[in-house]
Every structure is written in C-alpha cells, then in structure tokens.
Amino acid sequence: MPLRRALALAAVAVIAAAGTSYADDDLGKPPTTHVTGGNDNGNVSAGVSIKAVTPGATDPGRKPIASVDVHWTPPPCWFGPKYSAQQFKDQYLKSYKEQSPNVHGSFSTAMGMDLAHYQDGYDYPGVTGYKDFNVDQEGKGQWWAVSTNPAAGAFDQMSCNDQNPLWVPNGERPPAGTNHVITTEMLSKLAFANTRLPGVTITMSPATAQTVNLPTWVWLKEKYTPVKVRASVNLGGGQEIWAETTAQASSVRIEPGTSDATVFPASGECPISQDGKVGAEYSQGATGNPPCGVTYLRSTEHSGAYQLNVTATWKVSWVGSDGGGPNGLPNGVINEPKAVTVKEIQTVVR
C-alpha cells in the first residue's frame, strides 16, 4: 500500500478512535440525556448544542418530528470544534497506545508520522506540524475534528473521513478548502431532527362508542403553537454560529378510516384557532355540524373498529447567524390513529 494512502487511513483510524469517548453516539436521542440545571439545554454531539427556545420543544415526552420527505436526512457527519488542547492530547495518545501494537508495515509508519505531526512539529505537505498538541495554546483555540451522526448509515458516516483535525484559534473558522465544515444550514437540520412537537391526542364526543348518522365532535388535547429550537456551535472567544428553526402547524387533516362517513369540514382540514386549539369541545345542547368531526354512516358491528386518523402537518422555517434560511427544510408531520366503534343506535346521551 502506498505510504500516502496509509498515512490518510492511519490518521483517520487514530482520530476516529479518539472521538468515541465523546457524545457523538447520543445524537438523535432525546436531548434531555444532556440536560443540566432543569432546563432543555444540551449537547447533542461534541461541540453542537441544542436549546429549546419555546418550552418543551426538545422534550422527549413529546412527538418527534418526521419529515414528509422520506428521503430527507440530517447530516451524517460534520467538521467542527470538538476538543480543548489537553483533551485532544489525552484522547489521541490513549488511542495511539491502544492501536499501535496491532499495526505493522506502512500503517505503523503512517501512525508514527501522524503522531509526529501533532506532537513533534512534523510538517505534512501544505500543513504545518504542531508542538505537543498545542497544549501551550490552551484556552486560545480549539481542535476541530469530525463528529458523526449514529442515526446515519455507517457508509454515510465515513463520508467525512477525508478531513484530519485542525487547530483553530478562538472566534475563527478553518482555512478555505477544509472539508465538511459545520454551517448554519447543517445546524438547522440538526435542530429540525431534534424537534419535539405536541402530540395528536384525539378527544371525541361521545367519548366511547359512536352512533350511526349522528355527528362525532373531534378536538385535540394539545395546543398547536409555534415550536422553536436552536442549534449552535461555540467558536470560542465569545463567538458562535447558530440556526433557529420554527415549526408552525399549517394543517390538521381528519380521516375517518372508512368511505362510509362524512367529515367536517368537507375538506377534512380542521381549523386551527389563533390560540392553537384544533376543533372544539362539544357543549350540551349544541346543534349543527362540529367544526371538526365525522358522521359515520355504517356501524362497525361486522367490520371491526374504524381507524380514525388525525394528521398534523407543520411548516418549518429557519434563520441563522449568517442570515441563512428560511427555506431548505421539509415540512414535518405527526399523526396518531384512534380505534372507533360505531353502533346502530338512534339516540345517545352525551
């Protein structure tokens, strides 16, 4: 194997191992695994922080947002601030010690040269070497390195492996030509992926069995007010980049689970009030059709329960510290079916 190729692979192997002790494998899990101080702030991965701007926006007890575009995915990996000087030194040397006895030939040579690059000032073509992992610069900058998203496939995670760690002074970005550098657009996608929405808790009147030819009033327990999430990266020196997403409920559609039914309104799109309420509770003595509901025309005696489904679509926009956005994110969607039994009874007590 050519030495140049071995150098690249060795660097990737040591640095990848060094990164496994950090929080990369928590991305995609509820952000509260990192919450401290009783708030919704947390690091979803090394160097990336997620904050619920509106209460509960990252609460794992809520519904995770799902993209209407089944092919959409958040970044599988990125290059961003990850270690202090001492952290990088400790992790690198630990990984080197663990791996070096198991490699031979050009790989062993490559690993030795890579160690010399970070520890002894050995220069790569076009890249000046470092002394003692820049420990004497502690607090004046950060080591930028690759972080991976475990929700992505293993092959996609490796798409960033062509970029080795770099020391970047506080408040600055890596030099031009650096691959996979974290951007506000990437942060918007990470914020999207960590957004939690109010659920779809269907409430009905009558509360239990419905009645053929009588309207069923439907409303949701939750209020659909805007949900805001911010993802940010600390560049050091009081500087950061960030992206903030806003999810706004744009439609709530009711589907009765059978063609033998009439929905209200006829479009099936239930209105969302200014205060976020969907549908209206039934009031004793109310007449006319419900603002959100269904009339079943056939009982479930022989067919089994109908699956009443309410689907909420959320339009998601974003803004960033560099003025990026607001487009580029898919709509989000949540839904939850509810089994409905319909009886052949002409009167009912509500």
Side-chain angles (χ1 to χ4, degrees), residues 3-4 6-24 27 43-49 75 77-100 109-149 157-184 186-187 190 231-242 321-322:
L3 183 57
R4 182 182 298 272
L7 280 167
L9 291 177
V12 166
V14 174
I15 300 307
T20 57
S21 67
Y22 282 77
D24 296 347
L27 185 64
N43 293 322
V44 297
S45 184
V48 176
S49 175
C77 54
W78 58 90
F79 187 74
K82 192 168 183 178
Y83 307 109
S84 70
Q86 190 63 51
Q87 286 174 336
F88 183 58
K89 177 180 179 178
D90 291 345
Q91 291 301 313
Y92 191 103
L93 294 179
K94 177 176 180 292
S95 298
Y96 184 89
K97 182 178 180 180
E98 292 172 349
Q99 294 185 52
S100 58
T109 301
M111 287 182 64
M113 293 174 67
D114 195 63
L115 174 63
H117 174 68
Y118 291 109
Q119 180 174 262
D120 303 321
Y122 176 80
D123 295 339
Y124 283 147
V127 183
T128 302
Y130 302 94
K131 290 288 188 178
D132 194 27
F133 300 88
N134 267 16
V135 170
D136 65 339
Q137 298 296 305
E138 186 74 72
K140 298 179 181 180
Q142 301 177 82
W143 281 100
W144 286 48
V146 170
S147 294
T148 58
N149 179 357
Q157 288 179 347
M158 292 190 295
S159 62
C160 295
N161 282 358
D162 57 349
Q163 181 59 56
N164 286 342
L166 295 173
W167 176 263
V168 180
N170 285 337
E172 297 184 15
R173 301 288 195 95
T178 305
N179 297 323
H180 318 295
V181 174
I182 189 75
T183 63
T184 55
M186 290 179 180
L187 288 171
L190 293 174
S232 61
V233 167
N234 182 4
L235 301 179
Q239 303 295 313
E240 70 171 8
I241 59 172
W242 56 266
S321 54
D322 61 357

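Within the 4.5 Å cutoff, the side chain of Gln119 has no heavy atoms near those of the Tyr130 side chain. Proximity of Leu115 to Met111: side-chain heavy atoms (C-beta onward) are nowhere separated by under 4.5 Å. With a 4.5 Å cut-off on side-chain heavy atoms, Asp114 and Tyr92 count as touching. With contacts defined as side-chain heavy-atom distances shorter than 4.5 Å, the pair Asp90/Phe133 does not qualify. Here the side chains of Leu190 and Trp78 are in contact, with some heavy-atom distance below 4.5 Å.
Counting only residues at least two apart or in different chains, side chain to side chain donor-acceptor pair (under 3.5 Å) contacts with residues 134-146 are absent.
Listed by chain and number, the residues in a ring-ring contact (aromatic ring centres under 6.0 Å, His included) with Phe79 amount to none (sequence neighbours excluded). With sequence neighbours left out, the salt bridge (charged side-chain N to carboxylate O under 4.0 Å, His left out) criterion links Lys94 to Glu98. For Asp120, there are no side chain to side chain donor-acceptor pair (under 3.5 Å) partners at least two apart in sequence or on another chain. For Glu240, the side chain to side chain donor-acceptor pair (under 3.5 Å) criterion is met by no residue, not counting sequence neighbours. Residues passing the salt bridge (charged side-chain N to carboxylate O under 4.0 Å, His left out) test with Asp123: none are found, sequence neighbours excluded. Legend: residues meeting side chain to side chain contact (heavy atoms under 4.5 Å, CB included) with Cys160, ordered by chain and number and at least two apart, are Cys77, Val146, His180. Remark: His117 pairs with no residue by the side chain to side chain donor-acceptor pair (under 3.5 Å) rule, at least two apart or across chains. Remark: Ser232 pairs with no residue by the side chain to side chain donor-acceptor pair (under 3.5 Å) rule, at least two apart or across chains.
For the residue pair Tyr118 / Asp132, no side-chain donor-acceptor distance below 3.5 Å is found, with atom types taken as modelled.
Note: Tyr122 and Tyr124 have perpendicular aromatic rings, judged against thresholds of 30 and 60 degrees for the angle between ring planes.
Distance check: Ile241 CD1 to Asn234 CG gives 10.5 Å after rounding to the nearest 0.5 Å.
Checking side-chain atoms of Ser321 against main-chain N and O of Trp242 turns up a donor-acceptor pair under 3.5 Å.
Across Lys89 and Val135, no two heavy atoms sit closer than the pair CD-CG2, 3.8 Å.
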Identify all side-chain donor-acceptor contacts of residues 166-174 below 3.5 Å with residues at least two apart in sequence or on another chain.
unit_1	atom_1	unit_2	atom_2	d
Asn170	OD1	Gly141	N	3.4
Asn170	ND2	Gly139	O	2.8

